[in-house]
**Q** 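There's a structure below that I have some questions on.
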Amino acid sequence: MTVRTRFAPSPTGFQHIGGFRTAMYAWLLAKQNGGQFLLRIEDTDRERLVPGAIKYLVDSLHWLGIDYDEGPNQADLKAINEFSEFAPVEAGKVGPYIQSERLSLYQKEVERLISEGKAYRCDCSSERLEIERLEQMARRERPGYSGYCRTRNLPAGAKTVVRFRLPDQIKLSMNDAVRGVITWDNPPLRDPVILKSDGFPTYHLASVVDDHYMGITHVLRGEEWLPTTPIHILLYEAFGWEKPVFVHLSHILGPDGKKLSKRHGADALTQYEEQGILPEALLNYVSLIGWSVGSGDEQEVFTRDELIQKFSLDGLNSSGGVFDPAKLQWMNGVYLRSLSSEKFTELANKYITSCPAKSWEIIAPHVQERIKTLPEIIENIEFLCLNDLPREMNAIFNKNVNKEIAKQVVEVVAQKFSSVAVFTVDSIHKALEEVVAESGLKTGQVFPVVRIAVTGKKATPPLSESILALGKEKTLQRLAEMPALIEAYQE
RNA sequence: GUCCCCAUCGUCUAGAGGCCUAGGACAUCGGCCUUUCACGCUGGUAACACGGGUUCGAAUCCCGUUGGGGACGCCA
């Protein structure tokens, strides 16, 4: 059996990391089995549509390296003003992949249901329904449609919706790939609207119809869909269609343990990009929330291919997981350090514009080892870019270094450096060591003072390399600036 | 309120009845390396929510309690 999975987001805002994790798992499952992964846009809620949301979805998927085999192509997106260069030029034969373009299909299927008595029209106004609901709540009854139009046999009309007729007694079970058998014995469900008065389907109808016609074999979605799964099962049965495998994923939680959502602690993917998180690291980290390779294997860092190879539904966890930014940062550092110097420089590009190329070349490997996210490059190379260097002067002084000694250090070092013909890491290092040997000053007195003099900071890349990157002229200049600063320093 | 799901270190997890004195990773604390910081290496603190069963034996199976989450829309 060919595995076909899909990611079916609604373009009602920016999709957060939880949604993309669902997409990733679906993609992983399809790729692993040589199947297809599709993108379907569920734009049936006309009121909440957000312009640009579809483009954001397509761009983000591409950024993460999740490419879809079937879905809206460039022309489709252009037609609705959501063009993305990252969409495929051609993709898929069971489209359209945008639900607003499949209206006639849904309407046709609904007619079938109505003619078979499995669905009916309803003209109850939403205002009336709302009042009804409030009253029920007030009476502490379970809220829901009363069933007023069930037997009225209403003809098609301007203001009508179509409801799916649910059995009076529902007892059914389903074998979820994550949770095993789940049984419902009379769940609190009322006849749901499947076709709205504007002619658009609701999720229940559209997703079932599309999953069927698009040949979806595994439905991966968030566990918020679990309570309404009986509706979907009943719909499959009403249509006489084969059901897919359901895979209800546990939620990604915010720091407070509540479901991550657009309104709650979630960031758009572009935020991570801006924060200098690599897509590979994000993908890898997020894959670990709710999934583990298991079987005693303790691997956590996976390449994309390893993920495709090792992913399995069995490794999916049924409990929700908190998103831990600290671990993401750590993993990003791991990925950053594994980069070739060429690739690292390429990614660093936007942060090093004011740094001389030669200096960057010298300092880059040391910066690479020290950062967890790209923007941290800035603080590491600041001393190479700035003319007017801010210095953490207070870091110079301690019980071993007073103003007198500090001045002595910069003076001796400057003198020594002047006599070094060619600056290399070795010659600089040797010069520094000679200062220590000849002046009677201690290493712990010399290096910290020079570090502040040259870089302004107490935590920096290695001193000799930093000095080499700065160059002899500027180094001597910075040393020369020190006596006045030392003198002026007040605690 | 009703229904559904979930429950191992602070966090992500391993664990499919004896391999568990519960393993790993992040975070945290300490040591080593070292001119700082970082990397790396190394050691430590730290968990089976509770109560009943079942069993020779339970983190693992069953029931209940508690706690958390989710759903109850002409939203998805």
Side-chain angles (χ1 to χ4, degrees), chain A residues 8-10 12 42-45 47-48 122 124-126 129-130 133 136-137 139-145 159-163 176 178-179 182-190 192-198 200-204 206-207 221-230 248 250-251 253 255 257-259 285 288-301 314-315 317-331 333 337 366-372 380 395 429 432-433 436 443-444 446-448 450-452 455 457-464 466:
Chain A
S10 67
T12 53
E42 309 220 328
D43 60 341
T44 55
D45 184 344
E47 284 170 21
R48 296 200 308 159
C122 164
C124 299
S125 71
S126 24
L129 257 19
E130 184 57 33
R133 209 185 338 270
Q136 287 164 332
M137 300 271 237
R139 271 180 279 143
R140 309 191 124 207
E141 288 170 15
R142 70 183 182 198
Y145 179 59
K159 278 284 190 179
T160 60
V161 301
V162 177
R163 290 182 183 273
D176 185 83
V178 178
R179 288 150 225 275
I182 297 171
T183 303
W184 285 271
D185 194 354
N186 216 19
L189 294 171
R190 307 294 178 94
V193 170
I194 52 176
L195 197 68
K196 300 184 258 190
S197 57
D198 63 0
F200 280 77
T202 58
Y203 172 88
H204 306 305
S207 69
R221 43 151 64 154
E223 66 173 327
E224 70 270 22
W225 290 109
L226 225 29
T228 44
T229 298
H248 286 98
S250 53
H251 287 141
L253 279 16
K258 290 203 192 325
K259 181 190 166 196
Y285 171 66
L288 261 27
I289 307 176
W291 174 80
S292 68
V293 64
S295 314
D297 190 337
E298 278 158 356
Q299 184 177 2
E300 290 200 311
V301 179
D314 288 344
N317 217 287
S318 47
S319 54
V322 174
F323 183 92
D324 180 8
K327 189 156 184 177
L328 203 216
Q329 296 255 318
W330 163 78
M331 187 164 281
R337 269 173 259 126
H366 305 287
V367 174
Q368 186 173 3
E369 193 174 276
R370 252 152 269 258
I371 59 172
K372 287 193 166 79
N380 275 282
H429 188 68
L432 253 11
E433 281 187 327
V436 173
T443 303
V446 174
F447 279 82
V450 176
R451 190 181 304 280
I452 294 293
T455 70
K457 294 176 186 297
K458 53 177 187 272
T460 73
L463 227 206
S464 300
S466 297

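Just so it is clear, the values below take in all heavy atoms, side chains as well, and ignore hydrogens, waters and symmetry mates.
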**Q** Check whether any side-chain N or O of D176(A) sits under 3.5 Å from a backbone N or O of H248(A) as a donor-acceptor pair, and report yes or no.
**A**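 Yes: the side chain of D176(A) pairs with the backbone of H248(A).
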**Q** Between atom CD in E224(A) and atom P in C72(B), what is the gap in whole Å?
**A**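 Atom CD in E224(A) sits about 10 Å away from atom P in C72(B).
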**Q** Nearest whole angstrom, please: distance from the C1' of C6(B) to the CD of E223(A).
**A**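 To the nearest whole Å, that distance equals 7 Å.
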**Q** Taking atom types as they are modelled, would you say the side chain of S197(A) forms a donor-acceptor pair with the base of C74(B) within the 3.5 Å cutoff?
**A**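 Looking at the base of C74(B), it does pair with a donor or acceptor on the side chain of S197(A) (distance under 3.5 Å).
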**Q** Rounded to whole angstrom units, what separation is found between the CD atom of E369(A) and the C1' atom of G40(B)?
**A**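 So the CD-C1' distance, E369(A) to G40(B), works out to 9 Å.
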**Q** For a quick test of reading the model: is some side-chain N or O of T44(A) closer than 4.0 Å to OP1 or OP2 of A76(B)?
**A**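 Checking T44(A) against A76(B): at least one side-chain N or O falls below 4.0 Å of OP1 or OP2.
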**Q** Could you work out the separation of U65(B) and G57(B) based on their P atoms and round it to a whole Å?
**A**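 The same atom, P, in both gives a distance of 26 Å.
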**Q** Answer with yes or no whether R179(A) presents, from its side chain, a donor or acceptor under 3.5 Å of a partner atom in the base of C5(B).
**A**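 Side chain to base: no pair below 3.5 Å.
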**Q** Among G23(B), A71(B), A76(B), which nucleotide has an atom closest to any side-chain atom of W225(A)?
**A**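 Looking only at heavy atoms from C-beta outward on W225(A), the closest nucleotide is A76(B).
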**Q** With a cut-off of less than 4.0 Å, is there a side-chain N or O of K458(A) near OP1 or OP2 of U36(B)?
**A**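 It does not, given that no N or O in the side chain of K458(A) lies less than 4.0 Å from OP1 or OP2 of U36(B).
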**Q** With a 3.5 Å limit on both atom pairs, tell me what C41(B) is paired to, counting Watson-Crick and G-U wobble, or say none.
**A**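 Pair assignment: C41(B) / G31(B).
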**Q** Rounded off to whole Å, could you give me the CZ-to-P distance for the F200(A) and C75(B) pair?
**A**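 Interatomic distance, CZ of F200(A) to P of C75(B): 11 Å.
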**Q** What's the verdict on side-chain contact (heavy atoms from CB on, under 4.5 Å) for S10(A) and Y203(A), showing C-alpha distance, side-chain angles and the deciding distance?
**A** CA-CA 10 Å; S10(A) 67; Y203(A) 172 88; over 6 Å; no
**Q** When all nucleic acid strands are considered with a 4.0 Å heavy-atom cut-off, which category describes S292(A): base, sugar-phosphate, or nothing?
**A**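 The answer is sugar-phosphate, as S292(A) gets under 4.0 Å only of primed atoms, P, OP1 or OP2.
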**Q** Just to be sure I understand the rule, does C122(A) reach a base, reach only the sugar-phosphate, or reach nothing, if contact means heavy atoms closer than 4.0 Å?
**A**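 C122(A): no heavy atom of the nucleic acid under 4.0 Å.
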**Q** Taking W330(A)'s backbone N and O only, do any of them form a donor-acceptor pair with Y285(A)'s side chain (distance below 3.5 Å, no angle check)?
**A**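 Flag not set: sc Y285(A) to bb W330(A) has no pair under 3.5 Å.
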**Q** Please report the shortest heavy-atom distance between P448(A) and T443(A), naming the atom on each side.
**A**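 In terms of heavy atoms, the two residues are closest at CD-O, 3.7 Å.
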**Q** Think N317(A) has a side-chain N or O under 4.0 angstrom from the OP1 or OP2 of C6(B)?
**A**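 The answer is no; no side-chain N or O of N317(A) sits under 4.0 Å from OP1 or OP2.
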**Q** Determine the interatomic distance between P on A59(B) and the same-named atom on G1(B); round to the nearest Å.
**A**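 Approximately 34 Å lies between the P atom of A59(B) and that of G1(B).
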**Q** At less than 3.5 Å, do the side-chain atoms of K327(A) and the base atoms of A25(B) form a donor-acceptor pair?
**A**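 Counting by modelled atom types and ignoring angles, a donor-acceptor contact under 3.5 Å is found here.
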**Q** Quick one: does E300(A) reach the base of G24(B) with a side-chain donor-acceptor pair under 3.5 Å?
**A**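 Answer yes: a donor N or O sits under 3.5 Å from an acceptor.
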**Q** Please report, rounded to the nearest Å, how far the P atom of C72(B) is from the CG atom of N186(A).
**A**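 Spelled out: CG on N186(A) to P on C72(B) is 18 Å.
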**Q** Give a yes/no on whether any side-chain N or O of K159(A) is located under 4.0 angstrom from OP1 or OP2 of C74(B).
**A**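 Result: no.
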**Q** Could you check whether V322(A) gets within reach of a base, just the sugar-phosphate, or nothing at all, counting any heavy atom under 4.0 Å?
**A**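 Sugar-phosphate: the residue V322(A), judged by heavy atoms under 4.0 Å, touches backbone atoms but no base.
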**Q** Please report the distance separating the P of G17(B) from the corresponding atom of C61(B), rounded so that it comes out in whole Å.
**A**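 Roughly 9 Å separates the two P atoms.
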**Q** For P462(A), answer base if it contacts any base atom (sugar-phosphate contacts may also be present), sugar-phosphate if it contacts only those atoms, and nothing otherwise; contact means non-hydrogen atoms under 4.0 Å.
**A**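 Since a base atom lies under 4.0 Å of P462(A), the category is base.
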**Q** OP1 or OP2 of C6(B) versus the side-chain N and O atoms of K259(A): is any pair under 4.0 Å?
**A**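 Negative; the distance criterion is not met.
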**Q** Could you tell me which nucleotide pairs with A71(B) by Watson-Crick or G-U wobble geometry, both distances under 3.5 Å, or answer none if nothing does?
**A**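 The answer is U2(B), by the H-bond criterion.
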**Q** Let me know the distance between CZ of F447(A) and C1' of U35(B), rounded to the nearest Å.
**A**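 Taking atom C1' of U35(B) as the reference, CZ of F447(A) is at 4 Å.
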**Q** Scan G290(A) against the nucleic acid and name what it touches under 4.0 Å (heavy atoms): base, sugar-phosphate only, or nothing.
**A**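 Result for G290(A) = sugar-phosphate.
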**Q** So, does R221(A) get its side chain near the phosphate of A76(B), meaning an N or O under 4.0 Å from OP1 or OP2?
**A**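 Negative; the distance criterion is not met.
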**Q** Just to confirm, is there a sub-4.0 Å distance from OP1 or OP2 of C72(B) to any side-chain nitrogen or oxygen of R190(A)?
**A**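 Negative; the distance criterion is not met.
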**Q** Check whether more than 12 heavy atoms from other residues, nucleotides or ligands sit under 6.0 Å from atom CD of Q299(A), and answer yes or no.
**A**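 More than 12 within 6.0 Å, yes.
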**Q** Find the partner of G64(B): check Watson-Crick (N1-N3 plus N6-O4 or O6-N4) and G-U wobble (N1-O2, O6-N3) distances, both under 3.5 Å, and reply none if neither fits.
**A**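 Paired with C50(B).
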**Q** Could you state the atom-to-atom distance from CE of M331(A) to P of C12(B) in whole Å?
**A**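 Answer to the nearest Å: 15 Å.
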**Q** With a non-hydrogen cut-off below 4.0 angstrom, is P192(A) in contact with a base, only sugar-phosphate, or nothing?
**A**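 No contact.
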**Q** Donor-acceptor pair, S466(A) side chain versus P461(A) backbone, under 3.5 Å?
**A**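 Indeed, once roles are kept as given, a pair shorter than 3.5 Å links the two residues.
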**Q** Determine whether a donor-acceptor pair (one donor, one acceptor, N or O, separation below 3.5 Å) exists between the side chain of R48(A) and the base of C75(B).
**A**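 Checked by distance alone, the answer is yes.
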